[in-house]
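Notes for the one structure printed next.
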Amino acid sequence: MSGISRKYGLSFLGAAELLADSLTINSFYQGLARVRYVLVERDRDKWDVAIIVAHAFTKDEKTPEPTKELDYSSVRLCEDWVPLNSFVQCFKNARLELPSICFPFVKNRSRDRTFLSGNNRFHRRPGHLYTVDWQDTTHANHDILLSYNLPYCPDVLAAVRHWTGLVELTDSHVYRGKFLLFVPECRAYIGKLARVGNELQIKVERIQSCESNLCIKGAYWTDSQEMNYEPLEATVNIDGSATLSLPEEVRRLELFLLGPSETLYDYHREGRWPLEGTTSVLTVEKPITSDEKIIQQAIKSGEGVTFEFKPYIAPSNPKFKEVIRTAIAFANKSGGYIFLGIADDCQVLGVEHELVNQNRNTVIDFEQQVSRYIGAVLQALRGRIVPSVNVEVTSISFAGHRVIIVKVPPGNEMPYRDAQGDHLYIRRGANNVLPNNEELKELLSPPKQPDDLLWRNA
């Protein structure tokens, strides 16, 4: 959202002043804030703060009951409730003071405020997200969370996703090691968008104290050229309705809800970026493709001999070696599919958030970002697998997210190995392992006929 109401490098006092202004104009509609944080034991009695998420609830929504701390000994999932205006003093004092614990902020860390559209990952309404970098790294604990009296979690990351509601969180996600405070904008927001023929119908929800004479401004594009856009503008009626003309062949759309005071209340963007705002009005129903069927089958069956799930991993990240090992193991067996953007618990996370965050300050559109990522993945695989194998990397929109599919065919020049270290891997169940003597003999035997392989029938 580069250029849309974003402030970088705030001082703690500056953040406190912005927060105080926002709370003043929305105070009648905002209630308590739930603060959830995760502590991970690094050494004996020394703890890392994996993440802190403060979620403000508005008075017109049902506030959940407080939840007790989940203490897994080496990992603690904690919760506190505080008045939303208490964060103003926290920023002024550079200390996050909660009923059960106090966290001093590190003063030289980055502090930002970003405006998010409605139906964002924190709230159904638009609002401002304050972020404070907490620490450089957090302890990577991949142990199972197992306790007789507590829910089972396959690892800490799964517990963090469930506890904070940030289902897209990964090992490399930009929110790890940060304090996040989301403050909803209660006065006005885009409640509904509906496309009827060449007419776009907009419904704005607003409260009586909101300034009058709101308007919608924006543009649409019918091709990929940045200069070939058509501006849009409409006045919001007293009943909150507005109408715009929109031709059928629109590829990109941007709408902004503004007031005479230059306040940005909400926005909706789709086409160039992943959807930001309400439900897509450009999406056309398409028949299910074979790739979609493969993903559906993989999610249904889980990881195994031919399926592997991974969140977004940059090819430059040392963890990308896991993708390379899986590709080698698939090539040394019956082939398989690696899905980048799906967690190992089968949650579809997509790769869009990481790609957009890494390219905020560029003019590269989202499809170009995806293409560059695919190229980097393909180059990394081709540079490490020896002998070469005809790997195919594609992208697909699935369940509202962008997923990358790495298709690895069964090799006909086995055994395949990693060019860095000459290690061989095979697929045994859902694991990549070094072959034993019998498996090594099988690798060196004549290749199987392709027509008999599951790969060819997928």
Side-chain angles (χ1 to χ4, degrees), residues 142 154-155 157-158 161 166-173 274 286 288-317 319-356 358 366-367 369-382 384-385 389-411 425-432 453-458:
H142 297 286
D155 55 40
L157 194 56
R161 286 198 292 258
L166 299 177
V167 297
E168 76 277 14
L169 205 67
T170 65
D171 277 330
S172 58
H173 199 278
K286 299 178 182 179
I288 295 177
T289 65
S290 58
D291 283 347
E292 287 176 315
K293 292 179 180 177
I294 290 169
I295 294 180
Q296 290 171 351
Q297 179 186 347
I299 291 175
K300 184 177 180 180
S301 62
E303 290 186 330
V305 177
T306 56
F307 297 133
E308 175 85 358
F309 299 140
K310 291 291 180 189
Y312 170 88
I313 307 176
S316 58
N317 189 318
K319 289 181 67 65
F320 195 79
K321 65 184 179 183
E322 298 173 10
V323 177
I324 294 169
R325 290 175 179 177
T326 301
I328 292 172
F330 283 161
N332 280 328
K333 275 285 189 177
S334 302
Y337 299 85
I338 305 169
F339 303 99
L340 300 172
I342 302 181
D344 55 12
D345 58 0
C346 298
Q347 290 190 74
V348 182
L349 310 176
V351 299
E352 61 271 13
H353 297 298
E354 285 80 2
L355 289 179
V356 170
Q358 290 176 8
F366 179 63
E367 293 304 326
Q369 295 170 24
V370 173
S371 295
R372 287 190 176 190
Y373 180 59
I374 288 175
V377 169
L378 193 56
Q379 183 178 6
L381 291 170
R382 287 176 174 173
R384 289 282 293 272
I385 303 176
V389 62
N390 190 26
V391 175
E392 180 183 347
V393 184
T394 60
S395 85
I396 182 174
S397 295
F398 184 85
H401 294 281
R402 187 60 65 92
V403 175
I404 305 300
I405 306 178
V406 180
K407 304 177 182 180
V408 184
Y425 299 97
I426 65 165
R427 195 70 170 174
R428 192 184 297 159
N431 299 310
N432 306 316
L453 296 172
L454 169 63
W455 170 262
R456 298 296 180 181
N457 299 322

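This chain uses plain numbering: 1 for the first residue, then up along the sequence. Only a predicted model underlies this, so the values are computations on that prediction, with no experimental measurement involved.
Annotation: side chain of D291 is in contact with side chain of K407 (closest heavy-atom distance under 4.5 Å). Looking only at side-chain heavy atoms (C-beta outward), L349 and Y312 stay at 4.5 Å or farther from each other. Using a 4.5 Å cut-off on side-chain heavy atoms (C-beta onward), V408 and I328 make no contact. Between I299 and V348 the shortest side-chain heavy-atom distance falls below 4.5 Å. Taking 4.5 Å as the limit, some side-chain heavy atom of F307 sits within range of a side-chain heavy atom of I294. Using a 4.5 Å cut-off on side-chain heavy atoms (C-beta onward), N432 and R427 make contact. Residues F398 and I405 form no side-chain contact, since every pair of their non-hydrogen atoms from C-beta on lies 4.5 Å or further apart.
Legend: residues meeting side chain to side chain donor-acceptor pair (under 3.5 Å) with E303, ordered by chain and number and at least two apart, are absent. Residues forming a side-chain contact (heavy atoms from CB on, under 4.5 Å) with S397 (at least two apart in sequence, or on another chain): R402. Among residues two or more places apart in sequence or in another chain, the side chain to side chain donor-acceptor pair (under 3.5 Å) test is passed with D344 by none. Residues satisfying the ring-ring contact (aromatic ring centres under 6.0 Å, His included) criterion with Y425, sequence neighbours excluded, are absent altogether. For V323, the side-chain contact (heavy atoms from CB on, under 4.5 Å) criterion is met by K310, I313, F320, I338, L340, L381, not counting sequence neighbours. For R382, the side chain to side chain donor-acceptor pair (under 3.5 Å) criterion is met by no residue, not counting sequence neighbours.
Shortest non-hydrogen contact noted between I385 and A327 is CD1-CB, 3.8 Å. Between G302 and C346, the closest heavy-atom pair is CA-SG, 4.3 Å. In this structure, Q369 and L355 approach most closely via the heavy-atom pair OE1-O, 3.2 Å. Here the closest non-hydrogen pair linking S395 and I404 is CB-CD1, 3.6 Å. Pairing each heavy atom of S334 with each of P410, the nearest pair is C-CB, 3.8 Å. Of all the heavy atoms in A380 and I324, the pair that sits closest is O-CD1, 4.3 Å.
Applying the 6.0 Å contact sphere to CD of Q379 captures no more than 12 heavy atoms from other residues, nucleotides or ligands.
Using a 30° and 60° split on the angle between ring planes, H353 and H401 fall in the perpendicular class, above 60°.
Separating the CD atom in E308 from the CZ atom in F339 is a distance of 10.5 Å, to the nearest 0.5 Å. With rounding to the nearest 0.5 Å, the separation of OH in Y337 from OG1 in T306 is 8.0 Å.
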